[in-house]
Amino acid sequence: MNNLEQTLSIIKPDAVERNLNEKIKDIFTKNNLKIKDSKKIQITKDEAAEFYKVHQSKPFYNDLCTYLSSGPIEVIILEGENAVIANRNLMGATDPKKAEDNTIRKLYGISIDKNSVHGSDSNENAKKEIKFFFKN
Ligand code: CMP
């Protein structure tokens with residue numbers, strides 16, 4: 001391995017509600033991203049606000065926090081070669097309408113809010129986000 005990394009994935013409420021967890025995790029593992037740890041949880045709106053605080057100045061921030069805390073999610077530590085970018089490539093563009101064919105968001109996303117998955121956008125944020133959900 002030249003650049004073994006870890007990144008955080010979240011299977012969001014819209015995907016959990018449709019029982020897509022296993023299908024999404026299959027996409028990760030078939031593409032050489034190992035699931036190092038995972039758990040199904042539900043977070044509070046305050047926790048969502050803390051998690052997404054980089055977006056606090058955005059007009060969609062309040063709705064985003066309400067949404068992420070609206071139902072169960074699955075948080076996953078993925079590990080593999082260049083895992084941050086590899087996961088982002090598998091997810092596709094934020095807006096499912098603009099996502100490339102065969103990406104998770106193109107296959108399963110409903111809208112820019114209900115876009116089925118979150119993935120860390122950098123190595124630095126991956127470390128912070130993993131720590132946020134997996135404290136030990
Ligand atoms: P995610 O990768 O979880 O990071 C922030 C989320 O904000 C993003 O996915 C979208 O689901 C949501 N969002 C809602 N509106 C927008 C927008 N206009 N631009 C970017 N992200 C948005």
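Both ligands and their constituent atoms are indexed starting at 1 by order of listing. FYI, the numbering just counts along the sequence from 1. All of these numbers come straight from a predicted model, not from anything done at the bench.
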Could a heavy atom of [X] be found less than 4.0 Å from some atom of ligand 1?
X: Arg105; answer: yes
X: Tyr52; answer: yes
X: Lys114; answer: no

Proximal ligand 1 atoms for [X], defined as those under 4.0 Å from one of its heavy atoms:
X: His55; result: 4 (O), 5 (C)
X: His118; result: 1 (P), 2 (O), 3 (O), 4 (O)
X: Lys12; result: 1 (P), 3 (O), 9 (O), 11 (O)

Group every Ile, Leu, Val, Met, Phe, Trp and Tyr by side-chain heavy-atom contacts under 4.5 Å, then state whether Ile104 and Ile76 land in the same group.
yes
Looking at [X] and [Y], would you say the former's side chain and the latter's main chain have a donor-acceptor pair under 3.5 Å?
X: Tyr67; Y: Asp14; value: yes
X: Lys39; Y: Phe133; value: yes
X: Gln6; Y: Ala126; value: no

Heavy-atom side-chain proximity of Ile43 to Phe132 below 4.5 angstrom
no
Taking all non-hydrogen atoms of both residues into account, name the closest pair between Pro13 and Gly71 and its distance.
CG-O, 3.9 Å
Identify the heavy atoms of His55 and Leu64 that sit nearest to each other, and give their distance.
CD2-CD2, 4.2 Å
Please report which non-hydrogen protein atom sits nearest to [atom], along with the residue it belongs to and the distance in Å to one decimal place.
atom: atom 11 (O) of ligand 1; value: Ile112 O, 2.6 Å
atom: atom 8 (C) of ligand 1; value: Thr94 CG2, 3.7 Å
atom: atom 14 (C) of ligand 1; value: Asp113 OD1, 3.3 Å

Between Phe51, Tyr61, Phe60, which one has a non-hydrogen atom sitting closest to atom 18 (N) of ligand 1?
Phe60
Nearest option to atom 12 (C) of ligand 1, as decided by whichever heavy atom of Leu64, Asp14, Val117, Leu68 sits closest
Leu64
Heavy atoms only, cut-off 4.0 Å: how does Asp121 contact ligand 1, side chain, backbone, both, or neither?
neither
Taking atom NZ of Lys106 as the centre, does the number of heavy atoms from other residues, nucleotides or ligands within less than 6.0 Å exceed 12?
yes
